Amino acid sequence: AQKVTQAQTEISVVEKEDVTLDCVYETRDTTYYLFWYKQPPSGELVFLIRRNSFDEQNEISGRYSWNFQKSTSSFNFTITASQVVDSAVYFCALSERSGPSNTGKLIFGQGTTLQVKP
Amino acid sequence: ETGVTQTPRHLVMGMTNKKSLKCEQHLGHNAMYWYKQSAKKPLELMFVYSLEERVENNSVPSRFSPECPNSSHLFLHLHTLQPEDSALYLCASSQESGRLNIQYFGAGTRLSVL
């Protein structure tokens, strides 16, 4: 069965610390897509990154970086020099084909609540 | 502003009430989604619409009834709900409904069923 596991329920760090959020997934498909979303207290999920299963290059965007390792089925997210505004719930998700209509179905992890203290 | 607007933001209803949640997207997308986010549970996909046609119904009870009159609007009609239906209901849209498409979310409707 397809599954996404975010083992860290809550993480608390002090501002300027680096923090890594873990994501492990399970899938039988050879083609799939992985996503990270941020959910601030306001509620909306904000898209951060999409990665396809054929591209294992790590990616950096400002203070954010992502480490995709197919061998360990992991897609970890690191925030460098964290800031208070980074406080939010972060979700990792897996997208696979669902049903005969080939609809993309997002399977979310439980989320990791990150608290960055000043 | 994500381009996906949900109203109302908060809703309190009794178990015998009928209410509707509204979602509007301004992104020119062809696919729209309803998700349920309960406390302590992962987000659950409820319905998917592609070009105004329902393409996925994820075993959702019939007390939830979706409607997609056009590609920009999506409704979730609610009737005779149970207290366990209290949750954050999130709407999303994407360019197409395929698995590579990025889904953009609204801020959600926080529903409380008394």
Side-chain angles (χ1 to χ4, degrees), chain A residues 1-10 23-55 61 88-113, chain B residues 1-11 21 23 25 27 29-51 53-59 87-111:
Chain A
Q2 302 81 25
K3 188 178 174 183
V4 175
T5 301
Q6 295 178 253
Q8 304 149 307
T9 306
E10 293 182 18
C23 174
V24 175
Y25 62 92
E26 295 175 29
T27 180
R28 292 182 202 154
D29 271 11
T30 54
T31 301
Y32 51 89
Y33 295 83
L34 294 162
F35 298 79
W36 275 94
Y37 282 88
K38 173 183 179 180
Q39 187 176 38
S42 53
E44 81 277 15
L45 270 76
V46 178
F47 165 74
L48 295 177
I49 190 171
R50 175 187 63 189
R51 176 53 51 91
N52 76 56
S53 52
F54 296 108
D55 181 3
S61 176
V89 183
Y90 291 85
F91 290 95
C92 180
L94 169 69
S95 178
E96 294 184 316
R97 182 178 54 194
S98 174
S101 63
N102 199 27
T103 304
K105 180 175 181 175
L106 277 180
I107 299 166
F108 285 87
Q110 293 270 18
T112 297
T113 300
Chain B
E1 180 61 49
T2 65
V4 180
T5 304
Q6 290 188 242
T7 54
R9 291 296 310 276
H10 302 274
L11 179 63
L21 310 185
C23 176
Q25 58 96 0
L27 301 170
H29 289 166
N30 291 322
M32 297 187 78
Y33 310 76
W34 279 116
Y35 285 86
K36 177 183 179 182
Q37 186 177 20
S38 307
K40 312 287 185 185
K41 279 187 171 183
L43 278 88
E44 303 168 64
L45 177 65
M46 300 175 72
F47 301 104
V48 181
Y49 275 82
S50 176
L51 296 172
E53 181 182 337
R54 191 190 312 180
V55 296
E56 179 105 7
N57 176 350
N58 215 30
S59 303
L88 180 67
Y89 288 85
L90 289 160
C91 173
S93 71
S94 62
Q95 185 63 46
E96 306 291 343
S97 62
R99 54 187 162 168
L100 64 81
N101 286 271
I102 299 166
Q103 295 181 25
Y104 294 91
F105 286 78
T109 294
R110 175 75 61 186
L111 173 67

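Note that this is a predicted model, so its numbers are computed, not measured. Letters A, B, ... mirror the listed sequences (proteins, then strands); counts begin at 1.
Annotation: side chain of L90(B) is in contact with side chain of Q39(A) (closest heavy-atom distance under 4.5 Å). Within the 4.5 Å cutoff, no side-chain heavy atoms of K41(B) are placed close to those of F108(A). Using a 4.5 Å heavy-atom cutoff, the side chains of Q103(B) and L45(A) are not in contact. Within the 4.5 Å cutoff, the side chain of L106(A) has heavy atoms near those of the Y35(B) side chain.
Interface residue T31(A): backbone and side-chain heavy atoms are both found under 4.5 Å from chain B. No part of R110(B) comes within reach of chain A, as not one of its non-hydrogen atoms sits under 4.5 angstrom from that chain. The part of L45(B) that comes within reach of chain A is its side chain, from C-beta onward, which places non-hydrogen atoms under 4.5 angstrom from that chain. At a 4.5 Å heavy-atom cutoff, the contact between L88(B) and chain A is made by side-chain atoms alone.
In this structure, L100(B) and R50(A) approach most closely via the heavy-atom pair O-NH1, 2.5 Å. A pairwise comparison of heavy atoms in G109(A) and P42(B) identifies O-CB, 3.8 Å as the closest pair.
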Exercise. Going through the checks in order, is the side-chain contact (heavy atoms from CB on, under 4.5 Å) test met by F91(A) and Q37(B)?
Worked result: CA-CA 12 Å; F91(A) 290 95; Q37(B) 186 177 20; 3.3 Å; yes
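You'll find the ring centres of F105(B) and Y37(A) inside the 6.0 Å limit.
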